[in-house]
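Chain letters run A, B, ... following the sequence lines, proteins first, then strands; residues in each count from 1. Quick note: numbers below take in every heavy atom, side chains included, and nothing from hydrogens, waters or symmetry partners.
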2 protein chains.
Amino acid sequence: MAGYPSAMETRLLQTFATLARTGSFTAAATELRLAQSTVTVQIKALEKALGTRLFDRVARGALLTEDGRRLLGTAEEVLEAESRLFAAAAEDGPVTGTVVVGAGETLCSAHLPLIVAALRELHPEVEVQLEPRGTSAALTGLRSGQLDLALLLEERVNHADIAADRISAQPLDLLCAPGHRLADRTHPATWEELAEEDFFLHEQGCSYSDWLAGQLQAVPGAQPRMTRFGSIEAARSCVTAGLGLTVLPHANASHALEEGRLTLVAGPPLPDVPIHLAHHRRRQPTRAARAVMKAVARHFEQG
Amino acid sequence: MAGYPSAMETRLLQTFATLARTGSFTAAATELRLAQSTVTVQIKALEKALGTRLFDRVARGALLTEDGRRLLGTAEEVLEAESRLFAAAAEDGPVTGTVVVGAGETLCSAHLPLIVAALRELHPEVEVQLEPRGTSAALTGLRSGQLDLALLLEERVNHADIAADRISAQPLDLLCAPGHRLADRTHPATWEELAEEDFFLHEQGCSYSDWLAGQLQAVPGAQPRMTRFGSIEAARSCVTAGLGLTVLPHANASHALEEGRLTLVAGPPLPDVPIHLAHHRRRQPTRAARAVMKAVARHFEQG
DNA sequence: GCCAGCCATCGAGGATGCCGATGGCTCGTA
DNA sequence: TACGAGCCATCGGCATCCTCGATGGCTGGC
């Protein structure tokens with residue numbers, strides 16, 4: 001029994017303050033919507049808890065004692081602090097802080113700079129920190145708390161502890177250099193034809209590159225030649241140099257297409273790659289993180 | 001339903017702070033001597049009351065959310081204010097302020113200056129304000145709250161709402177001027193003899209003067225000549241001028257006796273007049289008032 | 001001296017808090 | 001992979017506490 005009675009309820013302090021102001025048990029009870037006897041009991045309980053008499057009961061009502069006057073101010077400080085607590089809880093906190101977003105290089109280079117720029121206008125106080133990570137590294141980061149959000153280029157994100165929303169889908173482009181022999185094909189190349197070509201793809205774990213690799217390897221008797229790079233830029237450079245083909249989300253290829261460094265290859269239909277925005281299910285996103293989530297969603301909605 | 005839920009208990013805030021510090025429901029429960037389930041329920045109740053999630057429940061325990069971090073400080077302010085309240089209640093307040101003491105002129109002139117002087121040494125912060133009042137006016141003052149204390153020269157003080165302690169008794173002196181014809185009596189004068197004299201007495205309502213008047217009027221066939229004054233000083237002046245006799249508590253006569261302006265008259269035995277120290281029963285004396293009460297009691301104990 | 005207003009007390013009943021047990025979940029380990 | 005330890009959420013029971021209305025004592029005014 002070291003300290004004070006731990007169960008101190010501010011309800012008693014409310015009654016204390018009201019009784020001090022009105023000077024009447026009955027009036028205080030009316031104001032507090034309580035029975036008069038309840039006020040009597042509560043004040044008695046408070047006096048017992050504080051170990052001192054707070055009021056003199058006189059014929060016309062209740063008068064603060066010296067101790068009562070002395071303690072009233074502090075009691076009101078408690079109430080005021082409590083009121084501030086409720087007020088702080090009611091209002092939203094500032095949208096500020098750093099949000100660490102993990103995303104594969106594909107998205108980092110194509111979309112995220114635009115998103116960050118849009119966000120900066122809406123919430124200048126929010127700092128976004130990009131962490132280039134593949135899907136599995138991103139998931140680990142979400143679990144360990146190193147990442148607040150992750151953008152995943154995956155068909156499905158199915159983990160019990162990860163919440164993921166499908167926010168968009170990227171069309172894929174099959175690409176080669178303008179001078180490449182497949183550049184001017186008028187009718188689509190088949191998988192069998194493509195399996196004879198050289199491919200320069202993004203690293204293992206990149207979903208659309210893995211998907212393409214799977215398609216090529218599925219061609220019977222084929223021995224597809226695929227070189228994987230840790231950097232999209234490196235793979236794309238090989239392709240613009242005319243060494244072979246690659247596959248990229250359209251957003252990552254559009255620049256080079258416009259500048260004539262790459263051109264589309266007519267080929268078999270390619271699927272869209274969905275983009276998922278993920279966060280840890282058990283961790284509530286910060287306000288800043290929610291702002292980022294909104295900005296991401298808006299970016300992909302608009303195109 | 002305008003405001004916040006009025007029943008906010010700091011117990012929940014204690015649990016909030018402890019859980020935030022330990023990061024574990026189980027550890028917090030152990031520290032707070034509660035069951036783990038209780039901590040769960042309390043935190044849930046607090047989150048509901050505040051309308052926001054305070055903790056992320058993760059596998060290894062509980063992590064503060066952004067809102068939790070933001071509100072923790074304010075919650076601790078509430079606890080700290082409450083702690084101050086208990087501390088303030090535990091310690092005695094300062095002995096300071098003004099104490100209004102009512103007393104008849106008799107005591108005001110003889111005793112109270114000494115009491116005030118003694119008190120000033122012990123409690124320099126306490127200011128005593130003297131209100132010359134007769135018994136009935138003093139009682140009214142106690143009831144109305146104008147007086148904190150009253151010193152009453154009465155045989156008995158018997159009022160349900162007034163608490164009075166008999167703290168001393170004043171011996172009475174029967175007095176005349178040295179040249180008066182009763183000054184040199186060797187054997188005591190009787191009431192019959194005294195009833196022939198001129199008396200200069202304090203005002204109506206002065207207990208010992210009234211008592212003396214009663215004795216004189218009780219002498220069969222007597223027509224006592226008594227002049228009453230609103231001021232003791234006035235009555236005493238008449239007596240020192242040799243115009244007659246008076247009766248006074250010894251303390252009020254001693255100065256004049258020592259200086260030879262008055263002398264004792266041998267007469268019938270006179271009773272002691274008790275002094276009562278009174279305060280309103282329903283009003284708790286302030287600390288300053290209690291200090292005055294102590295000083296008064298000590299003064300009369302010492303003589 | 002009676003009446004109106006005020007506070008204290010009491011008993012009942014309804015709400016609430018706390019507890020122990022149990023179950024689901026995660027993580028580390030054999 | 002299966003298992004056990006540790007952690008939190010839920011549930012039902014029990015005791016406690018809170019609130020209320022009724023009643024009585026008291027004071028002060030008419």
Side-chain angles (χ1 to χ4, degrees), chain A residues 5-16 18-20 22-49 53-65 139-140 142-145 159-162 280-283, chain B residues 5-16 18-20 22-49 53-65 139-140 142-145 159-162 280-283:
Chain A
S6 55
M8 170 79 245
E9 319 185 8
T10 55
R11 190 166 24 99
L12 303 188
L13 300 183
Q14 277 286 358
T15 306
F16 176 24
T18 306
L19 177 53
T22 62
S24 151
F25 282 70
T26 306
T30 305
E31 186 170 317
L32 294 167
R33 313 284 188 107
L34 291 174
Q36 168 261 316
S37 60
T38 303
V39 175
T40 296
V41 171
Q42 287 188 352
I43 293 299
K44 189 173 294 184
L46 183 60
E47 286 176 334
K48 185 175 178 186
R53 243 181 129 64
L54 299 173
F55 293 93
D56 287 321
R57 279 72 161 175
V58 294
R60 277 267 160 264
L63 283 174
L64 276 172
T65 62
L139 291 177
T140 306
L142 287 179
R143 292 198 173 97
S144 72
H159 300 267
D161 56 343
I162 301 294
H280 197 285
R281 197 180 287 282
R282 307 290 280 271
R283 248 191 294 279
Chain B
S6 55
M8 169 81 247
E9 319 185 7
T10 56
R11 189 168 25 101
L12 303 188
L13 301 183
Q14 278 285 1
T15 305
F16 176 23
T18 306
L19 177 54
T22 62
S24 151
F25 282 69
T26 306
T30 306
E31 185 169 316
L32 293 168
R33 314 284 188 108
L34 290 174
Q36 168 262 315
S37 60
T38 303
V39 175
T40 295
V41 170
Q42 287 187 355
I43 292 299
K44 189 174 294 185
L46 184 60
E47 287 177 332
K48 184 175 177 185
R53 244 183 128 65
L54 299 173
F55 292 92
D56 286 322
R57 279 73 161 174
V58 293
R60 277 267 161 263
L63 283 174
L64 275 172
T65 62
L139 291 176
T140 305
L142 288 179
R143 292 197 173 100
S144 71
H159 300 266
D161 56 343
I162 301 294
H280 196 286
R281 197 180 287 282
R282 307 290 280 273
R283 248 192 294 279

Distance in angstrom units between Arg282(A) CZ and dC7(D) P, rounded: 15 Å
Along DNA chain C (nearest heavy atom to each residue), the more 5'-positioned of Phe25(A) and Thr38(B): Phe25(A)
Sugar-phosphate, base or nothing in reach of Thr26(A), heavy atoms under 4.0 Å: sugar-phosphate
Between C1' of dC17(D) and CG of Leu34(A), the distance in whole Å: 15 Å
Nearest to side-chain heavy atoms of Gln36(B), which nucleotide of dT27(D), dA9(D), dC18(C): dA9(D)
Pair Thr15(B), Gln42(B): side-chain N/O donor-acceptor within cut-off below 3.5 Å: yes
Selection from dC8(D), dT19(D), dC7(C) that lies nearest to any side-chain heavy atom of Thr40(B): dC8(D)
Leu63(A) versus Arg283(B), closest heavy-atom pair with distance: CD1-NH1, 3.5 Å
Nucleotide dA8(C), atom P - distance to CZ of Phe55(A) in whole Å: 11 Å
Closest non-hydrogen atom pair between Leu142(B) and His280(B), with its separation: O-CD2, 3.6 Å
Touch class at under 4.0 angstrom, heavy-atom based, for Arg33(A) against every strand present: sugar-phosphate
Length of the CD1-P vector between Ile43(B) and dA9(D), whole Å: 10 Å
Length of the CG-P vector between Leu32(A) and dT19(D), whole Å: 11 Å
Closest to the Ser37(B) side chain, choosing from dA22(D), dT19(D), dG20(C): dG20(C)
Leu19(A) to Phe25(A) - nearest heavy-atom pair and separation: CD1-N, 3.6 Å
Between P of dT19(D) and CD of Gln14(A), the distance in whole Å: 13 Å
Euclidean distance, atom NE2 of residue His159(A) to atom P of dC27(C) [Å, nearest integer]: 13 Å
Closest nucleotide among dA8(C), dT19(D), dT27(D) to the Arg57(A) side chain: dA8(C)
Any Ser24(A) side-chain N or O less than 4.0 Å from OP1/OP2 of dC6(C): no
Nearest-Å distance for atom pair CG/P, residues Asp56(A) and dT27(D): 15 Å
First of Gly23(B) and His280(B) reached from the 5' end of DNA chain D, by closest nucleotide: Gly23(B)
Test item: side-chain donor near acceptor, Thr10(B) and Gln14(B), under 3.5 Å: no
